[in-house]
Amino acid sequence: MKLHYSPASPYARKVLMCAVELGMRDRIELVPVSVSPTAPNAMVAAHNPLMKVPTLERDGGAPLFDSAVICEYLDVLGRGALFPREGERRWEALRLQALADGVMDAALLLRYETFARPEPLRWNEWIAGQRLKIAQALDHLDVQRRDPGQPLHIGDITIAC
């Protein structure tokens with residue numbers, strides 16, 4: 001398998017952390033790429049029409065993209081338990097993954113707006129809205145209590161990223 005990734009991407013970091021936890025890191029060849037919303041990357045586009053990282057080229061299968069999809073694929077392939085199969089623990093893991101992915105989404109959009117967009121075109125209310133999402137999500141996580149005896153799941157990994 002080949003993983004198209006950027007070392008700065010928290011989404012790629014999430015996939016790599018899952019691979020390590022599942023004992024599969026040595027089965028993945030890393031392909032460093034540069035992606036930007038304003039500079040298309042033809043190599044990534046050949047495997048992912050969204051031109052985003054991470055993108056996983058599978059041996060004998062269609063490429064996969066989006067960290068949640070790739071992580072679940074690796075979990076199934078590695079016969080892991082990062083995605084609990086049923087019960088309340090499954091919904092907790094998926095809810096926390098969605099929350100942490102939302103923080104990463106807002107942070108990335110905030111970065112694009114404050115560093116990539118020319119200053120006269122920046123939308124301050126939109127910037128404030130993204131910061132509010134991040135702050136509220138982090139406040140929510142701050143009051144969450146997790147039993148340290150529970151096994152690691154996808155929500156934990158995503159929060160760490």
Side-chain angles (χ1 to χ4, degrees), residues 3-22 25 28 30 32-41 44 48-56 63-76 78 80-161:
L3 182 68
H4 298 261
Y5 84 110
S6 168
S9 168
Y11 307 100
R13 193 172 310 117
K14 174 179 156 183
V15 169
L16 289 170
M17 285 179 68
C18 285
V20 167
E21 286 296 322
L22 294 164
R25 174 57 192 86
I28 300 172
L30 297 181
V33 296
S34 178
V35 294
S36 162
T38 59
N41 183 312
V44 176
N48 179 346
L50 299 173
M51 296 181 288
K52 296 166 81 173
V53 293
T55 297
L56 182 70
L64 297 177
F65 31 89
D66 191 273
S67 62
V69 174
I70 297 169
C71 290
E72 191 154 4
Y73 172 76
L74 294 176
D75 194 58
V76 169
L82 296 177
F83 288 80
R85 305 293 185 243
E86 57 188 21
E88 194 56 35
R89 184 150 165 74
R90 175 172 176 76
W91 303 117
E92 173 195 354
L94 295 177
R95 180 181 63 83
L96 291 174
Q97 176 184 223
L99 183 67
D101 276 345
V103 169
M104 290 189 287
D105 292 345
L108 183 62
L109 293 171
L110 184 60
R111 172 130 176 100
Y112 286 154
E113 185 70 17
T114 57
F115 289 96
R117 187 178 302 276
E119 190 168 357
L121 301 176
R122 292 180 189 159
W123 187 6
N124 291 326
E125 292 83 4
W126 193 84
I127 291 169
Q130 298 307 313
R131 286 184 174 144
L132 179 60
K133 289 176 191 177
I134 294 167
Q136 288 180 162
L138 294 177
D139 286 347
H140 181 78
L141 287 172
D142 197 38
V143 298
Q144 296 292 305
R145 295 294 174 249
R146 187 181 185 309
D147 179 357
Q150 290 288 326
L152 191 70
H153 61 54
I154 190 61
D156 301 319
I157 289 173
T158 311
I159 289 167
C161 291

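Each residue takes its place number in the sequence, starting with 1.
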Please tell me if the side chains of [X] and [Y] come closer than 4.5 Å, counting only heavy atoms from C-beta onward.
X: Ile70; Y: Tyr11; result: no
X: Phe83; Y: Arg85; result: yes
X: Asp75; Y: Ile154; result: no
X: Leu108; Y: Met104; result: no

From Leu96 atom CG to Leu141 atom CG, the distance as rounded to the nearest 0.5 Å: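 Answer for the CG-CG pair, Leu96 versus Leu141, is 6.5 Å.
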Spacing of CD1 belonging to Ile157 relative to NZ belonging to Lys14, to within rounding of 0.5 Å: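 Going from the CD1 atom of Ile157 to the NZ atom of Lys14 covers 9.0 Å.
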Between Phe65 and Lys52, does a side chain to side chain contact (heavy atoms under 4.5 Å, CB included) hold up when you go through it step by step? CA-CA 8 Å; Phe65 31 89; Lys52 296 166 81 173; over 6 Å; no
Trp91 atom CH2, over 12 foreign heavy atoms within 6.0 Å: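 No, because the 6.0 Å sphere around CH2 of Trp91 holds 12 heavy atoms or fewer from other groups.
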CZ (Arg111) with more than 12 external heavy atoms under 6.0 Å: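 No, the 6.0 Å shell around CZ holds no more than 12 heavy atoms from other groups.
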Where do His140 and Gln136 land on the side chain to side chain donor-acceptor pair (under 3.5 Å) test, with the steps shown first? CA-CA 6 Å; His140 181 78; Gln136 288 180 162; over 6 Å; no
Using modelled atom types only, decide if a donor and an acceptor are shared between the side chain of Arg25 and the backbone of Ile28 within a distance under 3.5 Å.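 Side chain of Arg25 to backbone of Ile28, a donor-acceptor pair under 3.5 Å: yes, one is there.
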Minimum heavy-atom distance between Ser6 and Val33, given as atom pair plus value: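 Closest approach of Ser6 to Val33: CB-O, 3.8 Å.
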Distance-minimising heavy-atom pair for Leu82 and Leu152: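 Heavy atoms only, the tightest pair is CD2-O, 3.8 Å.
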